[in-house]
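Below, chains carry the letters A, B, ... as their sequence lines are ordered, and counting in each starts from 1.
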Number of protein chains: 2
Amino acid sequence: MGKSKTQSFSEESNTLAEVAKALSHPARIEILKFLLTAESCVCGDIVSTLPLSQSTVSQHLKALKDSGIVKGTISGPNVCYCINPIIWSKFGNLLSVFFNKKPQNLICEPTCC
Amino acid sequence: MGKSKTQSFSEESNTLAEVAKALSHPARIEILKFLLTAESCVCGDIVSTLPLSQSTVSQHLKALKDSGIVKGTISGPNVCYCINPIIWSKFGNLLSVFFNKKPQNLICEPTCC
DNA sequence: AAAACTTATCGTAATATTGCGATAGGTATT
DNA sequence: AATACCTATCGCAATATTACGATAAGTTTT
């Protein structure tokens with residue numbers, strides 16, 4: 001098929017996977033890094049920093065907006081994109097909680113791993 | 001096109017995006033959660049817990065293995081999958097450093113965002 | 001050696017993602 | 001009103017991902 005069987009997994013797993021998916025393209029990482037430095041929030045400035053067309057960057061911005069991590073505000077003829085600090089820390093916490101679970105591999109010793 | 005322009009972005013962004021990509025499917029999250037609890041490391045047991053076919057789970061395990069976060073060891077007729085604790089904490093740190101950068105949005109105040 | 005079992009890989013199909021140009025729809029300027 | 005400008009969306013093409021059944025390749029058991 002190819003369609004992800006989202007309904008078959010736990011809500012927590014789906015949420016984490018969605019967070020990860022929002023971050024799973026280098027262009028989206030670079031957009032977030034740019035917004036973190038707060039040099040500018042104007043869409044056109046974001047487009048200028050990336051080696052991608054305006055329409056492609058617009059799609060990546062939409063993906064970030066759909067995830068909630070970024071919000072866009074119309075500002076005259078421009079659109080200002082900002083990180084949503086609430087969601088930013090929420091996503092950070094989700095990932096932090098996940099990775100703070102330390103792997104034990106108790107069963108496997110000493111044979112494997 | 002459809003081909004990701006990986007070479008155009010910074011190495012740091014590519015690395016982060018790859019980490020995120022490894023985590024971007026709920027089945028892979030559930031596999032990692034299962035391995036974290038260390039109930040078992042046997043491939044067949046992982047397959048049993050997921051609502052996916054054996055071949056599909058095998059693909060997800062390959063994706064996790066390719067990212068480095070999981071390693072597989074042949075153990076008789078079975079394969080034992082374990083989290084690589086070095087890579088686990090490395091990935092955790094990468095994400096932690098990223099999300100510890102707090103968004104400021106100084107420029108935008110008070111007009112937007 | 002044969003049979004049973006476990007897992008990886010191949011082949012295929014459906015769907016999703018990435019990327020771009022063209023264009024539409026908005027605001028500001030003239 | 002006409003023009004210039006900015007951004008979102010549409011349409012398309014290329015590639016990647018997800019999923020499954022079938023099969024191959026390995027080990028163990030019989």
Check the interface with nucleotides 8-10 of chain C: list each N/O to N/O pair with the protein under 3.5 Å, or write none.
{"from": "C:dA8", "atom 1": "OP1", "to": "B:Tyr81", "atom 2": "OH", "distance (Å)": "2.2"}
{"from": "C:dA8", "atom 1": "OP2", "to": "B:Ser58", "atom 2": "OG", "distance (Å)": "2.9"}
{"from": "C:dA8", "atom 1": "N7", "to": "B:Gln54", "atom 2": "NE2", "distance (Å)": "2.9"}
{"from": "C:dA8", "atom 1": "N6", "to": "B:Gln54", "atom 2": "OE1", "distance (Å)": "2.8"}

Rounded interatomic separation in angstrom, taking [atom1] from [X] and [atom2] from [N]:
| X | N | atom1 | atom2 | value |
| --- | --- | --- | --- | --- |
| A:Ile29 | C:dT18 | CD1 | P | 12 Å |
| A:Ile46 | D:dT7 | CD1 | P | 9 Å |
| B:Asp66 | D:dA16 | CG | C1' | 14 Å |
| B:Asp45 | C:dC5 | CG | C1' | 14 Å |
| B:Asn78 | C:dC5 | CG | P | 13 Å |
| B:Leu52 | C:dA14 | CG | P | 19 Å |
| A:Leu23 | C:dT18 | CG | C1' | 17 Å |
| A:His60 | D:dT7 | NE2 | P | 17 Å |

Which residues pass the ring-ring contact (aromatic ring centres under 6.0 Å, His included) test with B:Phe34, sequence neighbours left out?
none
Side chain of B:Ser53 only, please: which of D:dG21, C:dG21, D:dT7 is the nearest?
D:dG21
Out of D:dA19, C:dA16, C:dT18, minimum distance to the side chain of A:Lys21 belongs to C:dA16
Touch check for B:Val47, heavy atoms < 4.0 angstrom, all strands: base, sugar-phosphate only, or nothing?
nothing
What is the minimum heavy-atom distance between A:Ile83 and A:Lys71, and which atoms define it?
O-CE, 4.3 Å
On DNA chain C, does the nearest nucleotide to A:Arg28 precede the nearest nucleotide to A:Gly76 from the 5' side, or the other way round? Give the residue.
A:Arg28
Pairs involving residues 55-74 of chain A, ordered by first then second residue, that meet ring-ring contact (aromatic ring centres under 6.0 Å, His included) (sequence neighbours left out):
A:His25-A:His60
By salt bridge (Lys or Arg N to Asp or Glu O under 4.0 Å), A:Asp66 pairs with (sequence neighbours left out) A:Lys62
Side chains of B:Glu30 and A:Ser10: do they bring a donor and an acceptor to under 3.5 Å?
yes
The criterion is side-chain contact (heavy atoms from CB on, under 4.5 Å); which residues satisfy it with A:Gln59, sequence neighbours excluded?
none
Pairing residues for B:Ser67 by the side-chain contact (heavy atoms from CB on, under 4.5 Å) criterion, not counting sequence neighbours
B:Ala22, B:Ile69, B:Phe91
